[in-house]
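Below, chains carry the letters A, B, ... as their sequence lines are ordered, and counting in each starts from 1. All figures in this text were calculated on a predicted structure; none of them were measured in a lab.
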There are 2 protein chains.
Amino acid sequence: MNLANFVKTKRKSVKLTQPELAEKAGVGLRFIRELEQGKQSVRLDKVNQVLQLFGYQVGAVPQTSNQQS
Amino acid sequence: MNLANFVKTKRKSVKLTQPELAEKAGVGLRFIRELEQGKQSVRLDKVNQVLQLFGYQVGAVPQTSNQQS
DNA sequence: TATATTTGCACCCAAAAGGGTATAAAATGA
DNA sequence: TCATTTTATACCCTTTTGGGTGCAAATATA
């Protein structure tokens with residue numbers, strides 16, 4: 001589970017659309033879309049704005065890890 | 001342990017200076033410094049370039065977690 | 001004490017992010 | 001099937017990043 005799928009899965013689990021998530025997180029709609037599509041060069045602070053809605057944050061995880069899901 | 005301290009600690013554990021780490025990771029020295037100082041708006045791909053030297057990558061971790069160390 | 005390392009600050013600059021918007025495509029539901 | 005919702009892609013624009021560099025001060029380290 002990478003960050004992109006993590007966000008997508010979490011968003012769907014709380015029944016939010018991308019525009020709704022963007023609004024709640026205080027980021028742009030385009031950012032949510034690029035994030036869920038796996039864009040690598042996103043900004044860390046924006047990612048954290050999204051993750052904290054789900055009670056998560058960006059951290060270092062072992063490369064072999066499946067991260068949280 | 002936040003990302004900044006994680007990188008700093010890992011770097012010191014393998015006895016690298018900031019310039020050496022920057023060179024190995026393929027990022028600028030200024031980036032390493034800003035990362036270790038906790039700058040929030042860094043780019044995720046650059047963070048990953050650094051973390052993978054230590055066998056780690058960026059992932060979602062619970063907010064209450066101490067992340068990996 | 002010296003030496004090496006780290007930090008902080010300031011420039012300049014090219015490249016990219018991210019926001020907004022509009023349109024096209026895909027998915028979902030009646 | 002058709003209509004609606006959701007998602008994806010493209011274009012502008014402004015702001016910021018990140019790299020390079022230099023220098024001074026603070027902090028370790030031998």
For this session: Can you sort out which residues in residues 44-54 of chain B have a heavy atom within less than 4.0 Å of DNA chain C? Ascending by number, please.
Result: none
Problem set entry | Donor-acceptor pair, side chain of Gln40(B) and main chain of Gly38(B), under 3.5 angstrom | yes
Exercise. Sequence neighbours excluded, which residues qualify as salt bridge (charged side-chain N to carboxylate O under 4.0 Å, His left out) partners of Glu36(A)?
Worked result: Arg11(A)
Problem set entry | Atom pair distance, as rounded to whole Å: CD in Glu34(B) and P in dC9(C) | 11 Å
Problem set entry | Those residues that, when tested against Lys12(A), pass side chain to side chain donor-acceptor pair (under 3.5 Å) (two or more places apart) | none
Exercise. Taking atom P of dA26(C) as reference, at what distance in whole Å does atom CD of Glu36(A) sit?
Worked result: 18 Å
Problem set entry | Minimum side-chain heavy-atom gap Lys24(A)-Leu16(A) below 4.5 Å | yes
Exercise. Under a 4.5 Å cut-off applied to non-hydrogen side-chain atoms, are Phe31(A) and Lys39(A) in contact?
Worked result: no
Please list, one pair per line, the donor and acceptor atoms closer than 3.5 Å that link side chains of residues 45-53 of chain B to other protein atoms, with sequence neighbours excluded.
unit_1   : atom_1 : unit_2   : atom_2 : d
Asp45(B) : OD1    : Arg43(B) : NE     : 3.2
Asp45(B) : OD2    : Arg43(B) : NH2    : 2.8
Asn48(B) : OD1    : Val58(B) : N      : 2.8
Gln49(B) : NE2    : Ala25(B) : O      : 2.9
Gln49(B) : NE2    : Gly26(B) : O      : 3.4

Problem set entry | Any Phe54(A) side-chain heavy atom under 4.5 Å of Leu21(A) side chain | yes
Exercise. Passes side chain to side chain contact (heavy atoms under 4.5 Å, CB included), Val27(B) versus Leu35(B)? Steps please.
Worked result: CA-CA 11 Å; Val27(B) 300; Leu35(B) 177 60; over 6 Å; no
For this session: Nearest 0.5 Å please: distance from the OG1 atom of Thr9(A) over to the CE atom of Met1(A).
Result: 4.0 Å
Problem set entry | Residues touching DNA chain D, which here means a heavy atom under 4.0 Å, drawn from residues 20-31 of chain B | Val27(B), Gly28(B), Arg30(B), Phe31(B)
Exercise. Rounded to the nearest 0.5 Å, how far does OG of Ser41(B) lie from CD of Glu34(B)?
Worked result: 8.0 Å
Exercise. Which atom pair, heavy atoms only, marks the closest approach of Tyr56(A) to Pro62(B)?
Worked result: CD2-N, 3.5 Å
What nitrogen or oxygen pairs link the protein and nucleotides 27-30 of chain C at under 3.5 Å?
none

Seminar exercise, completed: DNA chain D: first to last nucleotide in contact with chain B (atom under 4.0 angstrom from a heavy atom), 5' to 3', is dT17(D) to dG20(D)
For this session: Report which part of the nucleic acid Gln37(A) touches: base, sugar-phosphate, or nothing (heavy-atom distance under 4.0 Å, all strands).
Result: sugar-phosphate
Seminar exercise, completed: Contacts of Arg33(B) meeting salt bridge (charged side-chain N to carboxylate O under 4.0 Å, His left out) (sequence neighbours excluded), chain-then-number -> none
Exercise. Of all residues at least two apart in sequence or in a different chain, which pass the side chain to side chain donor-acceptor pair (under 3.5 Å) check with Thr17(A)?
Worked result: Glu20(A)
Exercise. Using a cut-off of 4.0 Å on non-hydrogen atoms, how would the nucleic acid contact of Arg33(A) be classed: base, sugar-phosphate, or nothing?
Worked result: base
